[in-house]
Every structure is written in structure tokens, then in C-alpha cells.
K.L.:
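Before we start, here is the structure in question, set down as C-alpha cells.
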Amino acid sequence: MWSRAILKSKAKSVLSKTYWISFLICLLSAIINGKIGPEFRFNGFRIGLFNADSNVFNHGIFSNAMTDKFTSYFNNISQSPESLRLFLSTYWFLLLLAIAAGLVINVLVVAPILVGKVKFFLENRKGNCEFTNLFYCFKNGQYMNIVKSIAWRYLFTFAWTLLFIIPGIIKSYAYSMVPYILADNPNIGYDRALKLSMDMTEGYKFEIFVLQLSFYGWYLLGSLCFNVGVFLVHPYYEATMAELYGALRKNAIEKGICHPDELNLAQEDYIADDQAQISY
């Protein structure tokens, strides 16, 4: 059983030398995946690369004037069943198209950036804090392998969620180490990445949940400052999760679940994992 206090202490030690570049990595990642929107709001709209309600939209097709015109148009066509059916079919088609486009963007762009962010924090544990690690997935011909693995992870998590919410949540924790495994070895294959993540987290899912829960107080405190503080806390969370993976990885190797060569581990990785100090 690993210690939350030790993982957090190691994360703080790493960030004491590289906090601001870690902050920039988290900020850029949030901008790309659109999560900056809920945190930063100006005049009632959100800013995010893939968010619809940006300034352009706020003063364009979704402005108050255009909304009034849309409402008037809907009231008119509601008097005609034919027009109403056409409108509703078009609406659902565009909605499904938007959802499909969102999923494609998430798999092809957001997910690789997520793995790149994980790669940065894993390398940062070893003193390698290169900003270009964020774009790790887009070089060396490993992009499609990572995209395929992340897509399968999403698919399996979604399938379990259809069996009620709780199994989906449990499986999301079981598959939570997949981005870290891909950051170590992008060519490991989606089936092996999923299986290895399940084996690594076996018996530790509730502890991982408690570890994440321990950050909620920090995020709540950060949200009081117009949500700006949320981004100041996030590097601490990401660094701690990287330490968690190091502890789980060390445990898996010692139990024979995987071999160091399978994860492309070098001597400095062993040193970093030893400092994570997993205990039994």
C-alpha cells in the first residue's frame, strides 16, 4: 500500500524546481482540450479552443438578437407539422454531427495531448523538463498507435457505463494508467495497455479515488479566486499522479506483472520509482 503523504511530498519536491513550466504545460493542455472554459469566464462567455461559446459566437449566431430571431422562426414553423418535422430532423442530425465531431477531435487531438502531458510529468520526475514532451505523440511515427489505444479505452469505458454508472466509474479507474503506459511505450498495443492498467490498479482503485479526493479542497480553494487558483493547483495534482504511476509501476515489476523492457525503462526510472517509496 502506497502512502499519499509520500507521493505528495515527492511531487512537491519535483515542482519546487519546475513549477512554472509545469504550470504552462497544464495551461496549454487545458486550452487545447477546451477545459479552460469553465475556469475563465468574461462577460458571460467562455474561452476555449474547442468551446462553442467564445466571443465570436457570443456576438454572432448565439447573440441575443439571433436567439430572438430563432425563437420567432420556431414559433412560425410550429404551426406547420411538415415544417416542424423537417426542423426537428435537421436539429437532431446537426446535434449528432456535433457530437461525432467532438468525439473525433477528442480522440485525434485532445487524447494525444493528454498523453503528452503525462509524458512531461513522468520525464520531469527525472529532471527532464522539456516543453516539447507535450507533443511527444506527434513525432517518431507513434501517433496512430496512441490514438488507437485511447479510442479503445474510451469505447470500453463507455460500454461499461451502459451497464449503469457505477461499473463505468470502476472501469475508468481500472483504465486510468493507460495514458501513462502509452507515455512509456506507445507501441505496446491497446489490448496490453488496457490489461496492464487493470493489473496495476487491481486492489488500489479506492485508494486512487481517495488520493484524487484529497485534492478537492485545494480545487475548491482555487475556485474562490475566480477559478484562477484551479490552474495553480493543477500542476501539483498532475505531479502527484505521475508519482502514483511510478509507485504502481514499481509494484507491477516486482510482482512480475510486467518487465522493465516492456515499458522502455532506464536506470533513472528505477531511481525515480524508488523515491516514490511504495510500501507493502
Side-chain angles (χ1 to χ4, degrees), residues 1-55 58 102 106 110-111 113-118 120-122 124-125 129 134 154 157 161 164-180 201 204-248 276:
M1 179 66 183
W2 36 264
S3 165
R4 292 193 304 274
I6 292 177
L7 296 182
K8 289 184 173 183
S9 176
K10 181 62 173 62
K12 290 177 184 176
S13 176
V14 172
L15 289 177
S16 66
K17 304 166 189 164
T18 59
Y19 175 79
W20 288 111
I21 188 172
S22 300
F23 171 80
L24 288 175
I25 288 288
C26 291
L27 182 62
L28 181 57
S29 174
I31 292 172
I32 291 174
N33 67 32
K35 286 187 177 179
I36 194 171
E39 282 77 23
F40 292 102
R41 291 176 179 270
F42 302 93
N43 299 325
F45 61 86
R46 300 184 301 176
I47 301 296
L49 186 59
F50 298 122
N51 284 339
D53 50 345
S54 63
N55 192 28
N58 198 50
N106 196 51
V110 176
I113 291 295
L114 167 64
V115 175
K117 179 176 65 174
V118 164
F120 170 84
F121 280 96
L122 289 179
N124 197 28
R125 300 171 70 227
C129 57
L134 181 63
Y154 287 157
T157 303
T161 303
F164 298 109
I165 299 300
I166 299 300
I169 294 174
I170 293 174
K171 281 300 179 181
S172 70
Y173 278 98
Y175 300 144
S176 61
M177 294 299 118
V178 168
Y180 296 86
T201 56
Y204 298 111
K205 297 181 189 67
F206 181 73
E207 286 75 12
I208 296 173
F209 167 74
V210 173
L211 175 63
Q212 293 179 337
L213 190 65
S214 69
F215 283 91
Y216 284 6
W218 286 104
Y219 280 116
L220 179 61
L221 183 63
S223 67
L224 298 179
C225 304
F226 303 101
N227 286 335
V228 175
V230 170
F231 283 100
L232 297 176
V233 174
H234 201 59
Y236 179 31
Y237 170 81
E238 292 291 348
T240 302
M241 293 304 293
E243 294 301 322
L244 168 66
Y245 173 70
L248 295 176

K.L.:
What I'd like to find out is whether the side chain of S176 reaches to under 4.5 Å of the side chain of T201, using heavy atoms alone.
P.N.:
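Heavy-atom side-chain distance check passes, below 4.5 Å.
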K.L.:
Taking S16 for its side chain and S13 for its backbone only, find out whether a donor-acceptor pair lies under 3.5 Å.
P.N.:
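Answer holds: yes.
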K.L.:
How long is the gap from OH on Y19 to SG on C26, to the nearest 0.5 Å?
P.N.:
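Here the interatomic distance stands at 8.5 Å.
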K.L.:
To the nearest 0.5 Å, how far apart are CD1 in I25 and CH2 in W20?
P.N.:
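Between I25 CD1 and W20 CH2, I get 14.5 Å after rounding to 0.5 Å.
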K.L.:
Taking all atoms of both residues into account, what is the closest heavy-atom pair of L114 and P179, and its distance?
P.N.:
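Heavy atoms only, the tightest pair is CD2-CG, 4.2 Å.
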K.L.:
Quick check for you: to the nearest 0.5 Å, what is the distance between Y173 atom OH and T157 atom OG1?
P.N.:
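So the OH of Y173 and the OG1 of T157 are separated by 12.5 Å.
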K.L.:
Begin from the C-alpha positions of V115 and V178 and carry the test side chain to side chain contact (heavy atoms under 4.5 Å, CB included) through to its verdict.
P.N.:
CA-CA 9 Å; V115 175; V178 168; over 6 Å; no
K.L.:
Carefully, step by step, assess V14 and E243 under the rule side chain to side chain contact (heavy atoms under 4.5 Å, CB included).
P.N.:
CA-CA 10 Å; V14 172; E243 294 301 322; 4.1 Å; yes
K.L.:
Could you walk me through whether M241 and L211 pass the side chain to side chain contact (heavy atoms under 4.5 Å, CB included) test, one step at a time?
P.N.:
CA-CA 9 Å; M241 293 304 293; L211 175 63; 4.2 Å; yes
K.L.:
Which atom pair, heavy atoms only, marks the closest approach of A174 to K205?
P.N.:
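Closest approach of A174 to K205, heavy atoms only: CB-CE, 3.6 Å.
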K.L.:
Taking the six-membered ring of Y237 as reference, does the cationic atom of K8 (NZ for Lys, CZ for Arg) lie under 6.0 Å from its centre and within 45° of its axis?
P.N.:
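Negative - K8 is either too far from the ring of Y237 or too far off its axis.
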K.L.:
Please determine whether side chain to side chain contact (heavy atoms under 4.5 Å, CB included) holds for the pair S22 and E238, giving the CA-CA distance in whole Å, both sets of side-chain angles, and the decisive distance to 0.1 Å.
P.N.:
CA-CA 9 Å; S22 300; E238 292 291 348; over 6 Å; no
K.L.:
Less than 4.5 Å apart, side chain to side chain, heavy atoms only: is that true for K171 and Y175?
P.N.:
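When only atoms from C-beta onward are counted, Y175 and K171 do touch, with a gap below 4.5 Å.
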K.L.:
Return the minimal non-hydrogen interatomic distance between L122 and Y180, and the atom names on each side.
P.N.:
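Closest approach of L122 to Y180: CD1-O, 3.9 Å.
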K.L.:
Distance check, rounded to the nearest 0.5 Å: L213 atom CG versus E207 atom CD?
P.N.:
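Between atom CG of L213 and atom CD of E207 there are 13.0 Å.
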K.L.:
Donor-acceptor pair, T240 side chain versus Y236 backbone, under 3.5 Å?
P.N.:
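Flag set: sc T240 to bb Y236 pair under 3.5 Å.
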K.L.:
For the residue pair P235 and F121, what are the closest heavy atoms and their distance?
P.N.:
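In terms of heavy atoms, the two residues are closest at O-CE2, 3.7 Å.
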K.L.:
Less than 4.5 Å apart, any side-chain heavy atom of I208 and any of L248?
P.N.:
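Of all side-chain heavy-atom pairs linking L248 with I208, at least one is under 4.5 Å.
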K.L.:
Can you tell me how far apart CG (L134) and CD1 (I32) are? Round to the nearest 0.5 Å.
P.N.:
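Rounded to the nearest 0.5 Å, the CG-CD1 separation comes to 6.0 Å.
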K.L.:
Mind checking whether L15 and K12 have side chains closer than 4.5 Å, heavy atoms only?
P.N.:
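No, too far: nothing below the 4.5 Å cut-off.
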K.L.:
If I take atom CG from residue N124 and atom NZ from residue K17, how far apart are they, to the nearest 0.5 angstrom?
P.N.:
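Output value for this atom pair is 10.0 Å.
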